[in-house]
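One structure is given here, and the rest of the page talks about it.
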There are 2 protein chains.
Amino acid sequence: MAETSLLERLVEGLRCLPGVGPKSAQRMALHVLERDREGALRLAAVLREAVERIGHCRVCRTLTEHEVCHLCADSSRDRQVMCVVEAPADVLAIEQATGFRGQYHVLLGQLSPLDGVGPEELGLDQLEARLGEGQVTELILAMGTTVEGEVTAHYISEMARSRGIRTTRIAHGIPLGGELEYVDRGTLSHAFDGRREY
Amino acid sequence: MAETSLLERLVEGLRCLPGVGPKSAQRMALHVLERDREGALRLAAVLREAVERIGHCRVCRTLTEHEVCHLCADSSRDRQVMCVVEAPADVLAIEQATGFRGQYHVLLGQLSPLDGVGPEELGLDQLEARLGEGQVTELILAMGTTVEGEVTAHYISEMARSRGIRTTRIAHGIPLGGELEYVDRGTLSHAFDGRREY
């Protein structure tokens, strides 16, 4: 039968999720239809609600359903330290793994003029305004080490330097428990350059 | 903040999908919100529609949004051969891999009296009625080789035998390209017992 069945459309719809190929999409579709129809209805409702209500924080640009995210709204957090990251996922990772209690700024990308991503798209005017308020004394750069990441880090560090704000960058090196012989050359060379007094 | 955010609820909602743990659910949620909101809305709509409209085929019990599935409705398919499987996924796998052009009967489970799954729950009265119509001359059993699968196969083969219908069972053995030394003992022993004239 040439007509697309509803089951096929469900399988196709599930493929918008990252890492879900045709086989897993089919398994997911059959699973919810045979065993968890209530869960599927709940998922449909929360997907719609999330897309409709979740936007970006007016202050730090992370994802939130509020005008200002709960981290920016939290008056107990340190206003003197700010961490710049590329994506909302980075904010979640830092919150889950570290004791960092300062502010965030989320770029939602990396400087890449060829792809039309300039300072404006990364909200750098907004970041400049936040730094201009004079509360921040240390800016922690936590973007990646790709060429675009380096360019972005350089651009932002210049912005901070012109205001006399101390800029630091999180350490790149051998992961804890990592074996030297299995680490890529770039990381190993970086770890050597970044060695510290013992 | 103690209140559950909408993002956290979305992550939780995605965990109803099989094989999706907290990390992948978070990655999926951030991905659709940052990069594919349209896909997420389409998925929400098709999930809801599928749960509301997909039921079981009145004839063979597989999943379909119609009263009779497109396989049962297809008049070009052979009405003399019928294949009994455990789940709708088995129907899809057989359709995709083999040239089988007969009918199906989907048990939606295995006989397991201790769990309250008797002949009625597996639609065996329905299967009996279909066999009673007199068109089927071969019944192919394609259920698993668990104890419950064996019991189910035995029960159904008795039902067919009493009507003089030939019963066959799909071959279990070494998968194509499989190495003898890596195959489990049960499969290897089964393959020996099931050897055929060369």
Side-chain angles (χ1 to χ4, degrees), chain A residues 1 3 5-20 24-56 62-66 69-71 73-74 87-90 92-93 96 108-109, chain B residues 1 3 5-20 24-56 62-66 69-71 73-74 87-90 92-93 96 108-109:
Chain A
M1 208 151 80
E3 183 203 334
S5 74
L6 186 48
L7 180 60
E8 284 165 338
R9 279 169 47 216
L10 175 56
V11 171
E12 191 50 43
L14 284 161
R15 301 218 26 213
C16 79
L17 301 173
V20 176
S24 3
Q26 181 180 304
R27 194 162 69 93
M28 287 172 171
L30 293 171
H31 174 90
V32 296
L33 287 173
E34 289 180 76
R35 291 198 206 128
D36 196 5
R37 289 180 176 236
E38 268 189 42
L41 282 183
R42 268 199 309 273
L43 173 56
V46 76
L47 263 174
R48 174 177 297 277
E49 191 186 348
V51 168
E52 280 166 2
R53 289 185 44 212
I54 293 184
H56 295 283
T62 198
L63 290 168
T64 176
E65 74 264 36
H66 303 292
C69 76
H70 74 278
L71 296 170
D74 184 347
D90 302 331
L92 295 178
Q96 281 157 15
L108 302 175
Chain B
M1 206 153 82
E3 184 202 333
S5 74
L6 187 46
L7 180 61
E8 285 166 337
R9 279 169 46 215
L10 175 56
V11 171
E12 191 50 43
L14 284 161
R15 300 216 31 211
C16 79
L17 301 172
V20 176
S24 5
Q26 181 179 303
R27 194 162 69 93
M28 288 173 170
L30 294 170
H31 173 91
V32 296
L33 288 173
E34 288 181 76
R35 290 195 206 130
D36 196 6
R37 287 179 177 239
E38 268 188 42
L41 282 183
R42 268 199 308 273
L43 173 56
V46 77
L47 264 174
R48 175 176 295 279
E49 193 186 346
V51 169
E52 280 166 2
R53 289 186 43 213
I54 293 183
H56 295 282
T62 197
L63 290 168
T64 176
E65 74 264 36
H66 303 293
C69 76
H70 74 279
L71 295 171
D74 184 347
D90 302 331
L92 295 178
Q96 282 156 16
L108 302 175

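Numbers restart at 1 for each chain; the letters A, B, ... are given by sequence-line order, proteins then strands.
The choice from B:Gly55, B:Ala89, B:Ala44 that makes the most heavy-atom pairs within less than 4.5 Å of chain A is B:Ala44. The choice from B:His31, B:Arg15, B:Arg27 that makes the most heavy-atom pairs within less than 4.5 Å of chain A is B:His31. Looking only at heavy-atom pairs under 4.5 Å with chain A, the residue among B:Gly39, B:Ala29, B:Ala50, B:Pro18 that has the most is B:Pro18.
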Determine, step by step, whether B:Leu10 and A:Leu47 satisfy the side chain to side chain contact (heavy atoms under 4.5 Å, CB included) criterion, reporting the C-alpha distance in whole Å, the side-chain angles of both residues, the deciding distance to 0.1 Å, and the verdict.
CA-CA 6 Å; B:Leu10 175 56; A:Leu47 263 174; 3.8 Å; yes
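Within the structure, side chain to side chain donor-acceptor pair (under 3.5 Å) contacts touching residues 34-51 of chain B (residues at least two apart or in different chains) are A:Arg9-B:Glu49, B:Glu49-B:Arg53.
To the nearest 0.5 Å, the span separating CD1 on B:Ile54 from OG on A:Ser5 amounts to 7.0 Å. Distance check, rounded to the nearest 0.5 Å: CG of B:Leu7 to CD of A:Glu65 gives 8.0 Å.
Contact detail for A:Cys16 and B:Ala40: the closest heavy-atom pair is SG-N, 4.2 Å. Of all heavy-atom pairs between B:Pro88 and A:Leu30, the closest is CB-CD2, 4.1 Å.
Put simply, the side chain of A:Leu6 reaches to within 4.5 Å of the side chain of B:Val46, judged on heavy atoms. Put simply, the side chain of A:Leu14 reaches to within 4.5 Å of the side chain of B:Leu43, judged on heavy atoms.
Only the side chain of A:Val32 comes within contact range of chain B, with heavy atoms under 4.5 Å apart. Neither the backbone nor the side chain of A:Glu12 comes within contact range of chain B; no heavy atom of the residue lies under 4.5 Å from a heavy atom of that chain. Within the 4.5 angstrom heavy-atom criterion, only side-chain atoms of A:Leu92, from C-beta onward, approach chain B.
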